[in-house]
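Order of appearance sets the numbers: ligands from 1, and atoms from 1 within every ligand.
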Amino acid sequence: MIFFISDLHLSPRSPGATRLFRDFLAGRAREGEALYILGDLFESWIGDDDCGDAFNAEIIGALRGASEAGLSIGVQHGNRDFLLGDGFAAAAGIRLLPDPYVLSTPEWQFVLSHGDFLCLEDTEYMAFRRQVRSPEWQAAFLAKPLAERRAIAASMRAQSEQGKQEKAPYLMDLHPGETEDFLRQHGYATFIHGHTHRPATHDHIVDGIHVERWVLADWHEDRGECLAWDGEALHRETLG
Ligand code: LP5
Ligand code: MN
């Protein structure tokens, strides 16, 4: 069994989702051989020098426990935790994966992504993304004290939530044409992504070929979701 999850947005303000994730890592996830976390595991990540924070250490310990029990864990960056780096990966016993990432199993091909890079009509976000993903911005940010970084992240989160209320829904979804190009470029593999918080299974017809796109659900205080591949089919499992 291979599991896929995304958009948990864990923070000290989400004790319910944190508990669901810890229970998942200690239980159901260990019945599989691999877990892929497709971005936004954390509500925000301000640098690997914050691994020692009590909440972060709790999540890192839970990941490490599952990893040491034999679960292979791959993590992609989301738009809120793209600063996760090698220090986090080593402490948690996980592998950081590029976005997109092609997953080939003996039975099937998948392409995995957080999904935000295809939201091309949200031009404000794309500009913001280019800026915060640039090495110069990241170096300047990481040079600031943790407390200042925490305050900046909180301010960005508040502005983002405010801004989303004024954006048309189509802006915050994947660009249809670019998505089909992406599916073509990846050999019509089954596409799994998160980010939009609009769980659904889409059927695309690209060059006459049927391609599935599975959108993962975001997690809530009382409910999480994972997608499971059993070698034959994908199915959604509710957690909690
Ligand atoms: O995350 P979500 O779901 O709310 O919305 C996203 C897009 N928003 C973001 C911003 C993140 O939420 C903030 C993450 C902060 C943690 C990282 C800290 C590290 C910083 C490192 C710097 C090098 O990604 C949102 C999309 C939405 O998805 C749907 O796709 O619309 O896009 C935006 O909100 C971007 C805005 O449109 C424009 C930018 C405003 C940001 C203000 C920056 C000002 C800096 C403040 C300094 C005090
Ligand atoms: Mn996201």
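Screening residues 162-180 for salt bridge (Lys or Arg N to Asp or Glu O under 4.0 Å), with sequence neighbours left out, gives Asp122-Lys167, Glu161-Lys164, Asp173-Arg198.
The closest donor-acceptor contact from the side chain of Asp99 to the backbone of Ser113 lies at 3.5 Å or more, if one exists at all. Checking side-chain atoms of Arg95 against main-chain N and O of Gly74 turns up no donor-acceptor pair under 3.5 Å. Distance alone, capped at 3.5 Å, is enough to place a donor-acceptor pair between the Arg149 side chain and the Lys144 backbone.
Protein N, O or S atom count below 2.8 Å of the Mn ion (ligand 2): the structure gives 4.
Within the 4.5 Å cutoff, the side chain of Pro176 has heavy atoms near those of the Glu121 side chain.
Residues Phe4, Tyr36, Leu38, Leu97, Tyr101, Leu103, Trp108, Phe110, Leu112, Ile192, Trp214, Leu216, Leu227, Trp229, Leu234 make up the rest of the hydrophobic cluster containing Ile2, defined by ILVMFWY side-chain heavy atoms closer than 4.5 Å, directly or through other members.
Aromatic ring centres of His186 and Tyr188: separated by at least 6.0 Å.
The aromatic rings of Phe117 and Phe182 sit perpendicular to each other, their planes meeting at more than 60°, with 30° as the lower class boundary.
Side-chain polar atoms of Gln109 and Ser104 form a donor-acceptor pair below 3.5 angstrom.
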Please tabulate protein-ligand N/O pairs under 3.5 Å for ligand 1, atom names and distances to 0.1 Å.
from     : atom 1 : to     : atom 2 : distance (Å)
ligand 1 : 1 (O)  : Asn79  : ND2    : 2.9
ligand 1 : 1 (O)  : Arg80  : NE     : 2.8
ligand 1 : 1 (O)  : Arg80  : NH2    : 3.3
ligand 1 : 3 (O)  : Arg80  : NH2    : 2.8
ligand 1 : 3 (O)  : Lys164 : NZ     : 2.9
ligand 1 : 4 (O)  : Arg80  : NH2    : 3.4
ligand 1 : 4 (O)  : Arg157 : NH1    : 2.9
ligand 1 : 4 (O)  : Ser160 : OG     : 2.8
ligand 1 : 4 (O)  : Glu161 : OE2    : 3.3
ligand 1 : 4 (O)  : Lys164 : NZ     : 2.9
ligand 1 : 5 (O)  : Ser160 : OG     : 3.0
ligand 1 : 8 (N)  : Ser160 : OG     : 2.9
ligand 1 : 12 (O) : Arg157 : NH1    : 2.8
ligand 1 : 24 (O) : Asn79  : ND2    : 2.8
ligand 1 : 28 (O) : His195 : NE2    : 3.4
ligand 1 : 30 (O) : His195 : NE2    : 2.9
ligand 1 : 31 (O) : Asp122 : OD2    : 2.6
ligand 1 : 31 (O) : Lys167 : NZ     : 2.6
ligand 1 : 32 (O) : Lys167 : NZ     : 3.4
ligand 1 : 34 (O) : Ser160 : OG     : 3.1
ligand 1 : 37 (O) : Glu124 : OE1    : 3.2
ligand 1 : 37 (O) : Lys167 : NZ     : 2.8

